[in-house]
Amino acid sequence: MHKSSTRSWAEPFKIKMVEPVFMTNYEQRQKFIEDAGYNTFLLRSKEVYIDLLTDSGTSAMSDRQWAGMMMGDEAYAGSENFYHLEAAVQKYYGYKYVIPTHQGRGAEHLLSKILIKQGDFLPGNMYFTTTRLHQELAGGTFIDVIIDEAHDPESEFKFKGNIDLQKLKDVIESKKPENVPYICVATTVNMAGGQPISLHNLKEVRKMADQYGIAIVHDMTRVAENAFMIQQHEPGYLNKSVAEIILEICSLTDHATMSAKKDALVNIGGFLATNDDDLYTEASNWVVVYEGLHTYGGLAGRDMEAMAIGIAESVQDDHIRARVGQVHYLGERLLEFGVPIVRPLGTHGIFLDAKKILPHVSQDNFPAQTLAAELFLDSGVRAMERGIVSAGRDEKTGKHNYPKLELVRLTIPRRVYTQAHMDVVAESVNEVYLNRDKIKGLEMTYEPKYLRFFQARFRKL
Ligand code: PM9
């Protein structure tokens, strides 16, 4: 079933094994968050009740995947599981070659190293933290060419992941095509609030890329979720399966980086995929330096097997409908409470609009970081800052980057929590929202040089 239906999105699975979570009181949580420097990344997982930090590596694997793990062929070279993974990538994504990496950023590292030269420019549909850093470390500069609507949390436009073709053209012409090694296209734009790109827009981007002889690199971390949104909202796709739409998306791109810890339902793993013989040859040489041999890339055989099976499960319509259904259920509950969130609802999480919720906290006092800490204090729900802390500093001026979006991400792990958990999350967010006037901001006491959001520390003003 892949059409809109009158039936609820209920999960196409039942639960076979459970894992206890810990409930804490307010005083305990006060100590935990203070010890963690008001950074939810620095909490211990056992201090967390409902963990919505990320959907990365936090999925529940299926019985099929666990069975597959027992079939790990732990050979250094040429593991059978690598060939299963290769076959899955070819069948479900359509790319010719695959090089496994320990996770997404391993693939980003290899690709940036090979394709970017000092002084290059990389236009794309909004930055992602690790992706941009690898581009910068390789000598490149990322330029945001996403449509303006993506920066407006209230815009109801259905495809806020789209690229603004005029902005893209301007970048290519002003920087010269020879200095633009590729265009970055993310399917499901994480930092915009989990927003999809349309196939119509991607086809236009392909045309422009061909016109200038520039490649397209696909960040396919959440391609299945994007494909589901195309199926539901783009004219002409309601009768296509998610699997068919994924193949069409991938066919419009040249190379891909994948964090399999998201869509592909595994706890660790990623890959670089490409249709290009030369890039494959070079990447399969570099991977030996940084990750491992090209037939394992930092992964155990069992991890590759779980990934191959996870990829097949992730493209099923029933799976993706329930996955997005659960995220939207949480979003609808928050809308009923009147909490300001990014619209339209994203597919991997719900994003609270911290600028709107805490207008009295200036961006220099980290509204989203503050809100995430307050939510933890209220209920033990852990969320992630996606605002000025994540945006980091400008490489050249050393000043904070001031993103328009100042968001707290409630990211839903796949196949992990129940509808009742979502209710508790919505109730707690509402509680914090109702008491928002009393909330004060934070100041940073420790700032790491790279990807500061992971390890920065704060104190309450
Ligand atoms: N995303 C996330 O929580 C994990 C850590 S970063 C806070 O959203 C995209 C679109 C991602 C992504 C990771 C990566 C990197 C690339 N692209 O974490 O290295 O969302 O596997 O993937 C995280 P790895």
Side-chain angles (χ1 to χ4, degrees), residues 39-42 45 51-59 99-112 122 124-135 137 142 144 146 150 161 184-197 217-226 249 253 255-273 290-291 297-299 303 307 310 327 342 346-351 368-369 372 382-387 389-392 403 405 407-414 416 448 450-456:
N39 185 346
T40 52
F41 275 103
L42 301 178
S45 129
D51 202 346
L52 307 188
L53 182 71
T54 178
D55 61 333
S56 180
T58 52
S59 298
I99 296 175
T101 55
H102 75 282
Q103 57 185 82
R105 69 198 74 178
E108 290 168 352
H109 176 207
L110 297 176
L111 191 96
S112 304
L122 296 309
N125 53 350
M126 206 174 264
Y127 87 100
F128 185 72
T129 53
T130 56
T131 322
R132 184 180 63 187
L133 180 60
H134 278 298
Q135 291 165 350
L137 291 171
F142 176 81
D144 187 8
I146 203 165
C184 317
V185 174
T187 40
T188 303
V189 179
N190 193 352
M191 302 301 279
Q195 303 294 325
I197 177 173
V217 170
H218 177 200
D219 180 341
M220 59 178 302
T221 296
R222 297 181 183 86
V223 66
E225 291 174 8
N226 195 123
I249 293 171
T253 68
H255 322 294
T257 55
M258 173 63 150
S259 171
K261 300 170 72 174
K262 284 82 165 172
D263 246 12
L265 297 165
V266 287
N267 304 122
I268 193 69
F271 59 77
L272 172 62
Y290 292 108
E291 306 273 324
L299 297 173
D303 296 328
M307 202 195 301
V327 176
V342 173
T347 52
H348 68 304
I350 295 301
F351 292 65
Q369 189 78 27
R382 166 154 73 172
M384 189 191 289
E385 192 265 9
R386 295 278 76 165
V389 185
S390 297
L405 297 175
L407 308 175
V408 172
R409 189 182 70 176
L410 303 167
T411 343
I412 316 298
R414 296 168 183 78
V416 171
Y450 302 112
L451 302 175
R452 63 184 184 176
F453 60 95
F454 281 124
Q455 292 149 330

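We count ligands from 1, going down the list as the structure has it; atoms in each ligand are counted the same way.
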Identify, for atom 16 (C) of ligand 1, the protein heavy atom at the shortest distance, and state residue, atom and that distance. E108 OE2, 3.1 Å
May I ask you to check if R105 and F128 form a cation-pi contact, with NZ or CZ under 6.0 angstrom from the six-membered ring centre and within 45° of the axis? no
Of all the atoms in ligand 1, which lie at a distance below 4.0 Å from a heavy atom belonging to T54? 2 (C), 3 (O)
Does H348 reach ligand 1, in the sense of a heavy atom lying below 4.0 Å from it? no
Any N or O on D55 sitting closer than 3.5 Å to an N or O of ligand 1? no
Just distances here: any N/O of K261 and N/O of ligand 1 closer than 3.5 Å? no
Any idea which part of R409 is under 4.0 Å from ligand 1, heavy-atom wise: side chain, backbone, both or neither? side chain
Would you say R386 and ligand 1 have an N/O pair spaced under 3.5 Å apart? no
Could you tell me whether Y450 atom OH has more than 12 heavy atoms of other residues or ligands within 6.0 Å of it? no
Axial cation check for Y127 ring with R132, 6.0 Å and 45° limits: yes
Can you tell me the protein heavy atom closest to atom 15 (C) of ligand 1 and the distance? T130 OG1, 3.5 Å
Enumerated ligand 1 atoms positioned under 4.0 Å from heavy atoms of K262: 1 (N), 4 (C), 12 (C), 13 (C), 18 (O), 20 (O), 21 (O), 22 (O), 23 (C), 24 (P)
At a 4.0 Å threshold, what atoms of ligand 1 neighbour a non-hydrogen atom of R105? 5 (C), 18 (O), 19 (O), 22 (O), 24 (P)
Side chains of E385 and S390: donor-acceptor distance under 3.5 Å anywhere? yes
Assess the side chains of N190 and R409: does a donor N or O sit below 3.5 Å from an acceptor N or O? yes
Near M384 (heavy-atom distance under 4.0 Å), the atoms of ligand 1 are 3 (O), 7 (C)
Identify the protein heavy atom lying closest to atom 12 (C) of ligand 1, giving its residue, its atom name and the separation to 0.1 Å. F128 CE2, 3.2 Å
Under 3.5 Å between any N/O of T131 and any N/O of ligand 1: does that happen in this structure? no
Without hydrogens or angle criteria, can the side chains of T187 and H218 be said to hold a donor-acceptor pair below 3.5 Å? yes
Do ligand 1 and G104 have nitrogen or oxygen atoms that lie under 3.5 Å from each other? yes
Nearest to atom 10 (C) of ligand 1, what protein heavy atom do you find, and at what distance? D219 OD2, 3.3 Å
Over all atoms of both residues, closest heavy-atom pair of N125 and I197: ND2-CD1, 4.2 Å
For atom 24 (P) of ligand 1, grab the closest protein heavy atom and report residue, atom and distance to one decimal in Å. Q103 NE2, 3.2 Å
Residue, atom and distance of the protein heavy atom nearest atom 21 (O) of ligand 1 read S259 OG, 2.6 Å
Indicate the ring-plane relationship of H134 and H109, choosing parallel, tilted or perpendicular according to the 30° and 60° boundaries. parallel
Heavy-atom pair with the smallest gap, counting every atom of P413 and L52: CD-CD2, 3.9 Å
One finds that the ligand 1 atoms under 4.0 Å from a non-hydrogen atom of S56 are 4 (C)
Salt bridge between D55 and K262, side-chain N to carboxylate O under 4.0 Å? no
Taking all non-hydrogen atoms of both residues into account, name the closest pair between P403 and G387 and its distance. CG-C, 3.6 Å
